[in-house]
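The structure appears below as structure tokens.
We number each residue from 1, following the sequence as shown.
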Amino acid sequence: MKDNTNILTFITWGILLAAVSVLLNDMREFEFNKFENFVNWAKTADKDAPWYSSQNAIEWSYYAISAGLFFWRGYLIYGFSYFLSILKEIENENYFSDNNIKYFKKIGTIFIQYTISVLILRFLLAAIGESTFNFFTELKAEFTFLIPAGLAFYILAEIFKRGKQAEEDNELTI
């Protein structure tokens, strides 16, 4: 079993490192020309205009939403890192530990929070005209599996919780 958990640990680390490198690359390629335009606009913007005027709101919201999208992608990667903790518990033969139950719930919560938050942010980005957004296309693309996967992790947490109870009951009968 130890060999299998080592292999899974290496695979998980590979996926995490690849995901982090993709995120960093996307952040690096984040429309620097738009950022220069934003800085130029900020220098020449009417300081007496309220912050919620249409041009001010559009300029500020685009960058705030883009930063939010980068944050949520990082948060999803953080959620994947819990797989390493689960594998460590399994390697120590603590299959039905409280930690594994907690980790499965956290992963499920992160998957669902990510999906809902990113859908909302992409909708807002499309509303300010910086993106094309089609709810059904987005839902079919990367999000199709995340909500069911999040729910599956909640189910796994409940299964592990009951497995722990059965294990404790079994120890008491010996």
Side-chain angles (χ1 to χ4, degrees), residues 1-30 61-127 131 133-174:
M1 182 69 175
K2 188 166 177 95
D3 290 336
N4 291 337
T5 55
N6 286 338
I7 291 169
L8 289 173
T9 302
F10 286 126
I11 291 171
T12 304
W13 272 111
I15 291 170
L16 285 172
L17 291 175
V20 167
S21 68
V22 167
L23 176 62
L24 292 175
N25 186 49
D26 288 349
M27 290 172 71
R28 186 182 59 81
E29 291 179 356
F30 177 67
S61 63
Y62 174 71
Y63 291 100
I65 291 170
S66 296
L69 288 171
F70 288 132
F71 166 79
W72 283 105
R73 285 179 60 198
Y75 190 60
L76 183 66
I77 293 168
Y78 169 71
F80 278 112
S81 71
Y82 279 112
F83 287 114
L84 294 171
S85 301
I86 292 170
L87 289 171
K88 187 155 196 77
E89 288 289 319
I90 290 173
E91 186 176 313
N92 294 334
E93 296 184 7
N94 298 328
Y95 303 106
F96 300 111
S97 69
D98 288 331
N99 288 335
N100 277 349
I101 295 166
K102 180 176 66 172
Y103 296 147
F104 280 128
K105 285 183 181 178
K106 283 185 178 183
I107 292 170
T109 301
I110 289 171
F111 280 16
I112 292 170
Q113 286 175 341
Y114 170 83
T115 304
I116 293 169
S117 299
V118 169
L119 279 173
I120 291 169
L121 288 175
R122 286 192 180 174
F123 174 76
L124 292 173
L125 199 58
S131 170
F133 177 84
N134 182 335
F135 179 77
F136 295 109
T137 302
E138 293 293 332
L139 198 60
K140 283 190 323 188
E142 63 186 274
F143 301 114
T144 304
F145 75 95
L146 284 177
I147 287 181
L151 295 173
F153 283 112
Y154 277 117
I155 292 169
L156 275 173
E158 187 63 29
I159 290 170
F160 272 59
K161 184 178 176 182
R162 292 188 185 199
K164 181 180 182 204
Q165 289 171 349
E167 185 178 60
E168 288 172 355
D169 291 344
N170 192 23
E171 287 176 4
L172 292 175
T173 58
I174 294 178

Check step by step if side-chain contact (heavy atoms from CB on, under 4.5 Å) holds for Phe80 and Thr12.
CA-CA 8 Å; Phe80 278 112; Thr12 304; over 6 Å; no
Heavy-atom side-chain contact between [X] and [Y] under 4.5 Å:
{"X": "Phe111", "Y": "Ile147", "value": "no"}
{"X": "Trp72", "Y": "Leu69", "value": "no"}
{"X": "Lys105", "Y": "Tyr154", "value": "yes"}
{"X": "Leu151", "Y": "Ile112", "value": "yes"}
{"X": "Glu91", "Y": "Leu87", "value": "no"}
{"X": "Tyr82", "Y": "Ile110", "value": "yes"}
{"X": "Glu167", "Y": "Tyr95", "value": "no"}

Shortest non-hydrogen contact between Phe104 and Ala157, atoms and distance:
CB-CB, 3.8 Å
What heavy-atom pair brings Ile107 and Gly79 nearest, and what distance separates the two atoms?
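The answer is CG1-O, 3.6 Å.
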Candidate pair Asn94 and Asn100, rule side-chain contact (heavy atoms from CB on, under 4.5 Å), full reasoning
CA-CA 8 Å; Asn94 298 328; Asn100 277 349; 5.7 Å; no
Separation of [Y] [atom2] from [X] [atom1] (nearest 0.5 Å):
{"X": "Glu158", "Y": "Ile155", "atom1": "CD", "atom2": "CD1", "result": "9.5 Å"}
{"X": "Asp26", "Y": "Ser21", "atom1": "CG", "atom2": "OG", "result": "9.5 Å"}
{"X": "Ser117", "Y": "Arg73", "atom1": "OG", "atom2": "CZ", "result": "14.5 Å"}

Taking the ring of Phe71 and the ring of Tyr114, is the distance between their centroids below 6.0 Å?
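When the ring centroids of Tyr114 and Phe71 are compared, they turn out to be at least 6.0 Å apart.
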Under 6.0 Å between ring centres, would you say that holds for Phe10 and Trp13?
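Aromatic pair excluded; centres sit 6.0 Å or further apart.
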Evaluate Tyr103 against Phe160 for ring pair (Phe, Tyr, Trp, His ring centres under 6.0 Å), listing each step before the verdict.
CA-CA 11 Å; Tyr103 296 147; Phe160 272 59; over 10 Å; no
Among Asp98, Asn99, Thr5, the one residue meeting side chain to side chain contact (heavy atoms under 4.5 Å, CB included) with Glu89:
Asn99
Side chain to side chain contact (heavy atoms under 4.5 Å, CB included) partner of Lys88, chosen from Ile86, Leu84, Asn92
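The side chain to side chain contact (heavy atoms under 4.5 Å, CB included) with Lys88 is passed solely by Asn92 among Ile86, Leu84, Asn92.
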